[in-house]
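Take a look at the structure set out below.
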Amino acid sequence: MTARNRELGFLIPAALLGFLGIATVASARTDTLELGPLPGAIGVLAVFLAMHVTLRLRAPHADPYLLPTVGVLSAIGLVELDRINPALAADQAVWVGVGGAAFIATVLLLPDHRILENYTYLIGLAGVGLLLITMVFGTRINGAKLWISIGGGQTVQLGEVAKVLVVVFLAAYLRDKRELLAIPTRRVMRMPVPPGAALAPVLLFLGACLSLVVILNDFGTALLFLGIFLAMIYLATGRVAYTGFGIGLFVIGSALVYTVVPRIQERVDNWLDPFGDAQGQGFQLVQSLYALAQGGVVGPGLGKAFLVREDGSTVIPVLETDFMFSAVASELGYVGGVGILLGFLLLIQRGFVIAATANDGFSKLLAGGLTAAIGLQAILIIGGVTRLIPLTGVTLPFMSYGGSSVVTNFVLVALLLIISHRTTAGNTPSARRRRQAEAAAERELDAA
Amino acid sequence: MNRSIRRLYLTLAAGFGLLVLMLGWWQVVAAGDLRDRPGNIQTAQAERLIDRGRILSADGRVLAASRARRIKGQRVFERLYPQGTLAANAVGYVSDSAGKTGIESTYNRYLSGSFGTEPLLQRLSLKEKRGADVRLSLDTRVQLAAEQALAGNRGSAVAFDPTTGQVLALASAPGFDLQQAVSDFDSIPTEGSPFVNRATQGLYPPGSTFKVVTATAALESGQYTPETTFDDTGSYATPGGPIRNFGGRTFGEHTLSTALTNSINTTFAFIGDSVGASRLGGTMTAYGFGEKPPIDLPGDSVLVSGRRDGDTVLPNDEDGEDTARIAIGQERLTVTPLQMMMVAGAVANRGVLMAPRLMETITDRGGAVVQRGAPQEMGRVMTAENAAQLTEMMTNVVREGTGTAAALSSTGVTVAGKTGTAESSDATRNQAWFIGFAPAEAPVVAVAVVIEDTSSTGGVAAAPVAAAVMRAAIEAR
């Protein structure tokens, strides 16, 4: 069976899950089947089929499990959104359409990801630039300045887009400098220290990103960027010492931030004792834990948990973005929650397999970095709503409500699939390169 | 680089492993505790959706039930209390704002259908969301008699079957309307503390009713029989000052039995010193003093009887204490009506103390019995012979002593009992007591009655209430 047939085969249960889900939600709501969300669901299915067909045409050797897994997670996310508020689900379905278009565009326009290596610094600057734009023009929502208003009441979260750019930049840069970084030239206090010339730009870059994000008051994204950075340094150098050093710096930095920034103190205090201020600062987390406990082992079923009050407001504030995982786990119980976790685990497992089998350093670093980004982001937010770590407001990939997140993550998956395809198909020079090469050959011929 | 990739994967996988554990903690291990937390709106909502089980009385009256209502197409339930104020503190209420009390709280798991495999079956839609019915041993006829007899007073009257421990009445006055408590809690006037269940939470000096405990210690010591003679000079000297008799009377030569009949303080004070702290305290312990009575009401609404220093309960048998004053029910001794009912009950049941309980059976909606309340012995307090002798002595109290108002002569039933009047410096603020049981030969009911803040004595204020309760209990059989 070819990879693409396998993919199509696995998309079927994902689609069934989605349709069964909206049917369950509809029946829980009115005791009768209503057709409201059906066109949207069919639309989303068509988007996934279009992505599948694009892969069939342009990346036939790509990993067959990624897209169905993304399909399952998206389906559950959409069904849960439909259950929370059908209007949000309709919105999100459109965003999945846009994400699908972005996915297809990426696969069509970027036949070989290695072209990206040519634009290392441009991409890095673009990443910082997006954050700068957010800082200057951003709208403040809930204390954090993460969104850019683009008219019509729509907002874009550029931090999400910056995430992918940061990974691409780091992959390209570290690919260049990894030998330099891996072989320390001197030691300071028994710590191996790589040459400053190689380390400085990347530290500068990281510092710029982090300080911008901290200015934006978005510590979730800061933490995510730092995690991605440490993961990729480790991938590039294989040196635990750097990562350890980074984590040490992080702990010291965190302690500093904790003492200086009151918002962070609140977050950490709530984490340590959410029930201490259950009606105030700890409200979200406590409500999340109550919802989880109510879900129990098997959960009451889709549409049956107490997530939305009679007036339409949600029991947990910002349920549809930060607390999507709690919503699903409350309805589907521990079984459903573990299912979602396994879904993400499968996703990153495929991502790392793609990284491990890739042919060259840049591909490995890019695939590994993108995968780590998804995994870390999922752990950050799920860990936050389950009180494993302090709560930070990053989105749950493929499931949270929000266009920027969906579109970015779809592009991210497209990149992974392109890398996967190139592993088997071999690298091809881009059309431009081919034209340049042909022109050069012609010139040589002419000269001769 | 592949080694690094594998390690990074394993690190992230370990992260997901931690999430699986953490999620399991909240959804499985700690889920019950979280659901029970006050203010959990998930639980409140779940309870609105469940057809909560009924609470029934022994005589088949519905004390609490649920009625379905439709709000925006959703079926929700509201709680009804058809008997209104009857046994309000024992039945308890379920309220979003004020929480749960009484039987509604103790048997919440059963009433809300979250026991055994029920939640699982309900979630899998194999069973309807319905709670089990709880039938109490409480009899509305006895309860009503108790509440009517208490009407206008503050106090408590409690009754149980001394041979089984089945509680027949648990009255606390003033009461409140349970329906009002669930509909508009704050509108209930708090004057007279109606939410204090005086039967289990009211702490009063026991006064002379405690002489039954001292008499038990005396008989059990082997040094005394009902015929042992004493000579009363009207005063008994202790390091804490002389102890005198009620009304300043002097009784001269008399027997132990007479001492109980006439509630002679000097004699019981002497006995207290003579048997000593360890024996008197041991008898108290055997009667259940110093420990929470094991009645099936929420733990925070049942208080320990015994000697207190502030909020601390002192050991029953501390050396160097004024045993003479303890023996006549003074010296920082505070007790609940429930505890004094247990004292009467142990004498009635030939010396064996039965654990008081309210629940009779828990039945699921299919009619299957989920749980059955079984008589439970708390232990032997005295020998059967001593119990028979004490019964005889207590019978004299009602026949010719301070407790004649408790007699049920018209029905031909012999009553055994003991009065008590815990005096305070303000003569209008005495606590009037009566404890007893009937029929004396084959007891079916043991009672304890306390009336707060009365200028009257136990024999006058409390004994008639006890008579009414015992009559109702005997008639209800």
Side-chain angles (χ1 to χ4, degrees), chain A residues 29-31 178 231 234-240 275 278-279 286-301 305-306 310 315 325 329-330 333-334 337-338 341-342 344-345 348-349 351-353 355-357 361 364-365 367-368 371-372 375-376 378-379 382-383 386-388, chain B residues 1-50 70-76 112 114 117-126 129:
Chain A
R29 186 171 286 141
T30 58
D31 293 336
R178 63 182 285 236
Y234 175 68
L235 285 182
T237 62
R239 284 190 164 270
V240 184
F275 295 102
Q279 286 306 312
V286 166
Q287 294 308 320
S288 167
L289 298 181
Y290 283 165
L292 292 177
Q294 198 62 31
V297 179
V298 287
F306 180 48
E310 276 149 25
V315 169
F325 181 79
S330 183
Y334 188 46
V338 171
L341 291 175
L342 287 179
F344 278 105
L345 189 64
I348 65 163
Q349 194 262 346
F352 283 122
V353 165
T357 50
K364 280 176 186 290
L365 273 170
T371 308
L376 283 170
I379 289 174
I382 299 177
T386 56
R387 217 192 133 204
L388 184 66
Chain B
M1 207 189 292
N2 282 359
R3 203 181 62 165
S4 311
I5 290 173
R6 201 176 73 235
R7 285 190 177 165
L8 183 58
Y9 168 61
L10 291 177
T11 309
L12 288 180
F16 279 100
L18 281 178
L19 289 178
V20 168
L21 293 179
M22 201 69 194
L23 191 62
W25 173 259
W26 298 119
Q27 298 208 275
V28 185
V29 185
D33 291 345
L34 278 173
R35 284 186 214 130
D36 290 343
R37 278 191 94 95
N40 185 336
I41 59 167
Q42 293 284 342
T43 308
Q45 175 70 9
E47 281 170 356
R48 289 177 69 204
L49 301 180
I50 200 146
R70 279 204 169 266
I71 296 180
K72 287 196 175 178
Q74 198 176 32
R75 208 163 65 122
V76 300
S112 64
S114 51
T117 55
E118 291 286 302
L120 190 65
L121 295 176
Q122 286 169 6
R123 287 204 171 170
L124 299 174
S125 301
L126 296 174
K129 287 195 156 198

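Proteins get letters first, then strands, A, B, ... in listed order; numbering begins at 1 in each.
With a threshold of 4.5 angstrom between heavy atoms, B/Thr43 approaches chain A through its backbone and through its side chain.
Options A/Gly337, A/Ala372, A/Ala305, A/Ala329 differ in how many heavy-atom pairs under 4.5 Å they form with chain B, and the most are formed by A/Ala329. Ranked by heavy-atom pairs under 4.5 Å with chain B, the list A/Gly368, A/Gly351, A/Gly333, A/Gly238 is led by A/Gly333. Ranked by heavy-atom pairs shorter than 4.5 Å toward chain B, the options A/Gly383, A/Ala291, A/Gly301, A/Gly361 are led by A/Ala291. Residue with the most contacts toward chain A among B/Gly24, B/Gly15, B/Ala13: B/Gly24 (heavy-atom pairs, distance under 4.5 Å). Of the listed residues (A/Leu376, A/Thr371, A/Leu341), the one with the most heavy-atom contacts under 4.5 Å to chain B is A/Leu341.
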Practice problem: For A/Tyr234 and B/Arg7, run side-chain contact (heavy atoms from CB on, under 4.5 Å): C-alpha distance rounded to whole Å, both residues' side-chain angles, the deciding distance at 0.1 Å, then the answer. | Solution: CA-CA 10 Å; A/Tyr234 175 68; B/Arg7 285 190 177 165; 3.0 Å; yes
Quiz prompt | Full working for side-chain contact (heavy atoms from CB on, under 4.5 Å) between A/Tyr334 and B/Val20 | solution = CA-CA 9 Å; A/Tyr334 188 46; B/Val20 168; 3.3 Å; yes
Exercise. Show the numbers, then the answer: is there a side-chain contact (heavy atoms from CB on, under 4.5 Å) between B/Leu34 and A/Phe275?
Key: CA-CA 11 Å; B/Leu34 278 173; A/Phe275 295 102; 3.4 Å; yes
Quiz item: Could you go step by step and tell me if A/Ile382 and B/Met22 meet the side-chain contact (heavy atoms from CB on, under 4.5 Å) rule?
Solution: CA-CA 10 Å; A/Ile382 299 177; B/Met22 201 69 194; over 6 Å; no
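Distance check: A/Leu235 CG to B/Leu8 CG gives 5.0 Å after rounding to the nearest 0.5 Å. Taken from CG in B/Leu19 to OG1 in A/Thr386, the straight-line distance is 5.5 Å, to the nearest 0.5 Å. Rounding to the nearest 0.5 angstrom, the gap separating the CG atom in A/Leu365 from the CD1 atom in B/Ile5 is 7.5 Å. The distance from the CD atom of B/Gln42 to the CZ atom of A/Phe306 is 6.5 Å, given to the nearest 0.5 Å.
Contact check for B/Ile41 versus A/Gln287: side-chain heavy atoms found under the 4.5 Å cut-off. Contact annotation: the side chain of B/Leu23 approaches that of A/Phe325 to within less than 4.5 Å [non-hydrogen atoms, C-beta and beyond]. The shortest distance between side-chain heavy atoms of B/Phe16 and A/Val338 does not fall below 4.5 Å. At a threshold of 4.5 Å between non-hydrogen side-chain atoms, the residues A/Lys364 and B/Asn2 count as touching. In this structure, B/Trp26 and A/Arg387 have side chains that are in contact, with non-hydrogen atoms separated by less than 4.5 Å. The side-chain heavy atoms of A/Gln349 and B/Tyr9, taken from C-beta on, include a pair separated by under 4.5 Å. Two residues are said to be in side-chain contact when any heavy atoms from C-beta on lie closer than 4.5 Å; B/Arg37 and A/Val286 fail this criterion.
Residue A/Gln294 comes nearest to B/Ala46 through the heavy atom pair NE2-CB, 3.4 Å, listed as atom of the first residue, atom of the second, then distance.
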